[in-house]
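Note on naming: letters A, B, ... go to the chains in the order of the sequence lines (proteins, then strands), and numbering restarts at 1 for each one.
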There are 2 protein chains.
Amino acid sequence: MPGFKGQAVYSVDAKGRAAIPAKMRTVLRPEAEQTFTVTRGLEQCIFAYPLDKWRDMEEEIAKLSAYDREARTFVRLTMMWAEEVKLDNQGRIGLPKVLVEYAGIQDKVLILGVYDRVEIWNPQTYEDYQSREAQDYETLAARVMRG
Amino acid sequence: MPGFKGQAVYSVDAKGRAAIPAKMRTVLRPEAEQTFTVTRGLEQCIFAYPLDKWRDMEEEIAKLSAYDREARTFVRLTMMWAEEVKLDNQGRIGLPKVLVEYAGIQDKVLILGVYDRVEIWNPQTYEDYQSREAQDYETLAARVMRG
DNA sequence: CTAATGGTGGGGAAAAGTGGGGAAAATTTC
DNA sequence: GAAATTTTCCCCACTTTTCCCCACCATTAG
């Protein structure tokens with residue numbers, strides 16, 4: 001199964017909806033049922049995981065003990081920001097308000113395909129992130145891929 | 001079966017009732033019979049477990065020895081705060097007074113989906129908790145998920 | 001040139017959250 | 001023990017939000 005790839009800048013309409021690029025929709029497997037689980041991303045963006053992938057992640061969470069303080073905090077922070085959203089007939093998702101606020105999204109979004117997830121950014125936020133964290137791609141590649 | 005997820009700020013009416021978000025109600029299995037067992041949370045909040053999940057927890061409790069002093073205390077503290085509450089036709093639960101008092105709840109509640117339970121907070125209490133326990137989520141995730 | 005595909009906008013029906021009234025049950029008071 | 005008061009619970013009604021569907025425009029392919 002191929003991964004999500006590519007990038008696009010789309011509009012967010014008055015109802016908080018944004019289209020998912022058709023290229024990325026075709027990657028969704030039938031088990032994903034045209035549904036993403038969106039959650040707070042590790043940088044200031046939204047992560048959208050296909051439903052089947054998210055289910056695997058929940059299985060990992062199920063193994064954690066509710067009586068361990070750190071694990072409890074981790075599960076709380078992971079789940080409280082998550083929400084299942086189904087694509088409408090036009091291939092759009094409704095972005096939850098709390099996540100729109102977190103990511104500082106207004107009328108335009110930058111949508112990235114990142115292998116096992118789709119990322120949704122405020123375009124300006126992504127530019128700031130890029131210039132701040134800018135590293136030489138070649139150097140980065142060498143460091144990461146060496147292992 | 002998916003876990004509880006998401007967050008919402010809802011009103012508590014004059015009768016001490018608060019709605020459970022529809023997104024979380026849909027997660028309830030038929031065995032839960034639209035019923036939660038609410039109890040004192042480990043942080044200053046209310047934990048609400050679906051009835052079927054709570055039954056599993058009681059089975060665990062049943063295995064503890066009544067002749068072990070610490071176990072006896074644990075069972076006492078666990079059970080004395082617990083109460084079964086059924087949702088009304090509008091999807092609300094009546095919050096037991098002792099728990100409202102424990103959690104410092106007034107006219108608004110923050111409701112969190114946390115995988116196998118729903119948590120009910122005074123929004124302000126949660127903010128205090130957050131700023132007090134603030135950790136880098138990324139670091140926490142790495143520590144917890146490593147095992 | 002026509003048809004098909006992809007992104008955008010909006011209207012209307014349905015669902016969700018909130019408030020409150022009234023019957024039944026429990027508690028208190030006389 | 002009966003009446004009165006309080007509490008609890010169930011149901012109805014209103015308002016807002018959400019969701020589903022249809023329509024439109026632009027671009028691409030045949």
Side-chain angles (χ1 to χ4, degrees), chain A residues 4-28 33-38 46 48 51 80 82-101 105-113 118-123, chain B residues 2 4-28 33-38 46 48 51 82-101 105-113 118-123:
Chain A
F4 295 107
K5 51 180 72 74
Q7 55 178 295
V9 175
Y10 283 172
S11 301
V12 179
D13 67 24
K15 296 182 179 179
R17 298 174 297 188
I20 298 296
K23 299 263 176 62
M24 299 182 194
R25 269 182 273 145
T26 60
V27 176
L28 283 176
E33 301 165 31
Q34 295 290 301
T35 303
F36 285 91
T37 300
V38 294
I46 298 173
L51 188 55
M80 69 177 278
E83 191 163 319
E84 267 187 30
V85 286
K86 195 169 164 56
L87 299 184
D88 67 13
N89 288 355
Q90 284 67 37
R92 295 172 291 194
I93 59 172
L95 301 171
K97 283 181 186 169
V98 285
L99 293 177
V100 166
E101 193 173 336
I105 287 169
Q106 295 171 348
D107 59 336
K108 290 282 177 188
V109 285
L110 170 66
I111 300 181
L112 307 180
V118 172
E119 293 187 357
I120 302 170
W121 292 73
N122 174 328
Chain B
F4 294 107
K5 55 178 70 72
Q7 55 178 298
V9 174
Y10 282 174
S11 301
V12 179
D13 66 22
K15 297 181 180 179
R17 298 174 298 188
I20 298 296
K23 298 263 172 62
M24 300 181 194
R25 269 182 272 145
T26 60
V27 175
L28 282 177
E33 301 164 31
Q34 296 289 301
T35 303
F36 284 92
T37 301
V38 294
I46 298 174
L51 189 55
E83 189 165 324
E84 268 187 29
V85 286
K86 194 170 163 59
L87 299 184
D88 67 14
N89 288 357
Q90 283 67 34
R92 296 174 290 195
I93 58 172
L95 301 171
K97 283 181 184 169
V98 285
L99 293 176
V100 166
E101 193 172 336
I105 287 169
Q106 295 170 348
D107 59 336
K108 291 280 178 189
V109 285
L110 171 66
I111 300 180
L112 306 182
V118 172
E119 295 187 355
I120 302 169
W121 292 73
N122 174 329

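The nearest whole Å value for the distance from the CD atom in A:Q7 to the P atom in C:dG7 is 14 Å. If you measure from atom CG of B:D88 to atom C1' of C:dG22, you get 15 Å, rounded to the nearest angstrom. Protein atom CD1 of A:I20 is 17 Å distant from nucleotide atom C1' of C:dT5, rounded to whole Å. At whole-Å resolution of the value, NZ in B:K15 and P in C:dG20 are 9 Å apart. When the C1' atom of D:dT8 is taken as reference, atom CG of B:D13 falls 13 Å away, rounded to whole Å. For the pair B:Q90 CD and C:dG20 P, the computed distance is 14 Å after rounding to whole Å. With rounding to whole Å, A:K108 atom NZ is found 6 Å from C:dT8 atom P. Between the CZ atom of B:R17 and the P atom of C:dT18 there is a distance of 11 Å, given to the nearest Å.
For B:K97, taking side-chain heavy atoms from C-beta onward, the closest of the listed nucleotides C:dT8, D:dT8, C:dT18 is D:dT8.
Under a cut-off of 6.0 angstrom, the local environment of CD in A:E84 is crowded, with over 12 non-hydrogen atoms contributed by other residues, nucleotides or ligands.
Nearest heavy-atom pair across B:R25 and B:I20 is NE-O, 2.9 Å. Residue A:R17 comes nearest to A:R92 through the heavy atom pair NH1-NH2, 3.4 Å, listed as atom of the first residue, atom of the second, then distance. Heavy atoms only, all atoms of each residue included: B:V12 and B:A18 are closest at CG2-CB, 4.4 Å.
Remark: B:R25 is in phosphate contact with C:dG17, judged by side-chain N or O atoms under 4.0 Å from OP1 or OP2. Here B:N89 does not reach the OP1 or OP2 of D:dC10: none of its side-chain N or O atoms lies under 4.0 Å away.
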